[in-house]
Colleague: 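Sharing a structure, written as structure tokens. Questions coming.
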Amino acid sequence: MADTSKLRYTETHEWVHLTGKIARVGITDHAQKEISDIVFIELPKIGRAVKGKDSAMVIESVKAAFDIYAPVAGKIVKINEELSKKPEIVNQSPYENGWLFEIECDDPLEVESLLTEAQYQNAKNTSHH
Amino acid sequence: MTTLDLAEKLKKTPLYDEHVRLGGKMVGFGGWSLPVYYTSILSEHQWTRQSCAIFDVSHLGEIRVQGKGAFEFLQHRLTNDLGKVKPGRILYNLLCNKDGGILDDILVYCESAEDFYLIVNAANIEGDFEALSAAAMPGITLTDQSSRTACIAAQGPKAEAILEALFSFAVKNMPYYSFRQENFLGEPVWISRSGYTGEDGFEIFSSNDLSLKIWHKLLSDGLSLGVLPAGLGARNTLRLEAGNLLCGSDMDSTTTPLEAGLGFAVSFEKAGGFFGSEPLLEQKKNGVTRKIAAFKMLDKRIARDHYKIFGAGQEIGAVTSGSYAPTVAGNIGLGYVAKGFELPGTLIEIEIHGQRVGAQVVKRPFVPSKHKKF
């Protein structure tokens, strides 16, 4: 199990792990549970420039289609190709094997402005009742 | 992701606490709070096809129509010919407006020529009751029994054996679309061989209190025989594979039975005609301009409600239901297309997130029905 306390989060349920300028992005365990049975993932194109809160890609579950947003500005430099064949990995391992894409950040400090784990848990709990 | 949170405004079935206790993921459907799944849509779907799943369908409405002339009244107000059924049998029927638009699809349970139960969609209970009341002649009594009637659907190849074993209900020789009264713990229950999933199965109507006891028995003693609960998510993928239309999505007051491929439930021949028959007869004569079509996606994308459909480069309609289909192991859907594009084999395109994706019109059902035929 990954140490989720070191990650940063968005209100739209993405997590971010920063290494140097590279931000690896995935969805939280809460998100994969909400989305449930994932059957198709449309990964972003490598080289695409994104801004924070841009829709970067789509996850389709039996239930519905869900937009996944870029947490920070930058360029998509890597995608998790494995997910094209086995999208269910995101359900099984949202923080590790089920990562989605990597962004080369325009400004790595932007990641610092995202939610901490405690803030994310708090935001998540108040959006429910 | 967005979270739709309307829980407080939604009605609860008698089994609500059971769903929550079982970890059901509750959502709003037709004004009711019901589980979309307990574990996963995929596993509950597969379980229904292989074994026996139970669904809380207490949100369905039950309207009783009694009195001298009940047969004639329903013959006139509904589209199908009740002359096709005798007591103890069920008829698929439609309630239309004066323009021939579909207000609801209804199962009519015939007790006698003077006593019928109408099983109606949850979101339409009040509307149906009003439409029926407005047309009822003196001597006809309409009773909305929805709030005191619960219903549990037991669906799947093992349903028959399980109901026989657990309750000693004599269901083995029941034909498809028949019903009978049985007793459980000294109280009456009505069982019909019916359902929405394309599997063999039954729907068990009872009082609210008794439904809890039936549910508990099915999940305790039934567990080792192959019973598991399933939610609305699986109910939807199962019904879509079975080619069954969902009222409110695949048909509504803007669509006619002929457009919706429900001509089999419209009888122009029955004596006295029926309410809304003239515009429908006109449409039959002139031909429809659009028709429902079942389609299979040619790649991994999933068509969802309201996505636009293109044919020969033109916009020709919209998707009304679409999903990944576990038994088909592909992506399927229903939608309305301009006349001429509904024929199986026709290639169409669906606009998904700004891109046009190929699909092919196919025959319904997507998965052959396992209904008992006698």
Side-chain angles (χ1 to χ4, degrees), chain A residues 9-15 25-45 48 53-71 81 83-92 94 100 115 120 123-129, chain B residues 1-10 23-27 29 35-46 230-238 240-241 297 299-307 319 321-333 350-355 357:
Chain A
Y9 298 86
T10 65
E11 281 163 1
T12 47
H13 308 280
E14 289 88 11
W15 58 256
V25 179
I27 59 167
T28 65
D29 187 51
H30 171 74
Q32 72 77 16
K33 278 187 186 139
E34 287 286 318
I35 293 172
S36 71
D37 310 304
I38 296 172
V39 290
F40 177 65
I41 292 180
E42 189 190 337
L43 289 159
K45 292 228 166 27
R48 187 182 145 195
K53 297 184 180 166
D54 275 0
S55 171
M57 53 172 285
V58 176
I59 291 185
E60 298 260 11
S61 77
V62 178
K63 215 160 69 169
F66 298 87
D67 280 314
I68 306 300
Y69 301 97
E81 308 266 10
L83 303 180
S84 310
K85 283 191 206 103
K86 293 183 179 167
E88 65 274 16
I89 294 173
V90 177
N91 286 127
Q92 293 154 359
L100 302 172
L115 304 176
Y120 171 66
K124 193 182 78 184
N125 293 336
T126 50
S127 76
H128 285 248
H129 65 109
Chain B
M1 288 183 59
T2 46
T3 314
L4 200 65
D5 207 351
L6 300 163
E8 281 98 327
K9 290 173 199 151
L10 297 170
K25 168 101 189 131
M26 307 304 284
V27 296
F29 180 80
V36 63
Y37 57 83
Y38 302 89
T39 53
S40 108
I41 296 174
L42 283 180
S43 60
E44 289 166 17
H45 176 108
Q46 273 139 3
L232 290 175
R235 192 163 185 261
N236 187 54
T237 52
L238 289 158
L240 188 56
E241 285 186 343
M297 300 303 296
D299 89 2
K300 290 181 167 183
R301 309 300 180 79
I302 303 176
R304 308 280 182 185
D305 302 12
H306 308 304
Y307 287 7
V319 174
S321 283
S323 178
Y324 173 73
T327 307
V328 174
N331 299 321
I332 62 171
I350 317 256
E351 191 175 277
I352 302 179
H353 312 129
Q355 270 178 296
V357 181

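Order of the sequence lines sets the chain letters (A, B, ...), proteins ahead of strands, with each chain counted from 1.
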Colleague: Examine distances only and state if a side-chain atom of A/D37 and a backbone atom of B/I41 form a donor-acceptor pair shorter than 3.5 Å.
Modeller: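 Present.
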
Colleague: Could you walk me through whether A/E34 and B/K25 satisfy the side-chain contact (heavy atoms from CB on, under 4.5 Å) test, starting with their C-alpha distance in whole Å, then the side-chain angles of each, then the deciding distance to 0.1 Å, before giving a yes or no?
Modeller: CA-CA 9 Å; A/E34 287 286 318; B/K25 168 101 189 131; 2.7 Å; yes

Colleague: Are the side chain of B/K300 and the backbone N or O of A/E42 linked by a donor-acceptor pair below 3.5 Å?
Modeller: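 It does not hold such a pair.
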
Colleague: For A/F40 versus B/R301, what's the shortest heavy-atom pair and its separation?
Modeller: CE2-CD, 3.3 Å

Colleague: Quick check on A/S84 against chain B: is it the side chain, the backbone, both or neither that has a heavy atom closer than 4.5 Å?
Modeller: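 It is the backbone, since no side chain atom gets that close.
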
Colleague: Output all residues satisfying salt bridge (charged side-chain N to carboxylate O under 4.0 Å, His left out) with B/E44, sequence neighbours left out; order by chain, then residue number.
Modeller: none

Colleague: What are the two closest non-hydrogen atoms of B/H353 and A/A65, and how far apart are they?
Modeller: NE2-CB, 4.4 Å

Colleague: Return the NZ to OG distance between A/K63 and B/S40, rounded to the nearest 0.5 Å.
Modeller: 11.0 Å

Colleague: Of the backbone (N, CA, C, O) and the side chain (C-beta and beyond), which part of A/V39 lies under 4.5 Å from a heavy atom of chain B, both, or neither?
Modeller: side chain

Colleague: Return the OG to CG distance between A/S61 and B/L42, rounded to the nearest 0.5 Å.
Modeller: 9.0 Å

Colleague: Do A/E60 and B/Y324 touch side chain to side chain, with heavy atoms closer than 4.5 Å?
Modeller: no

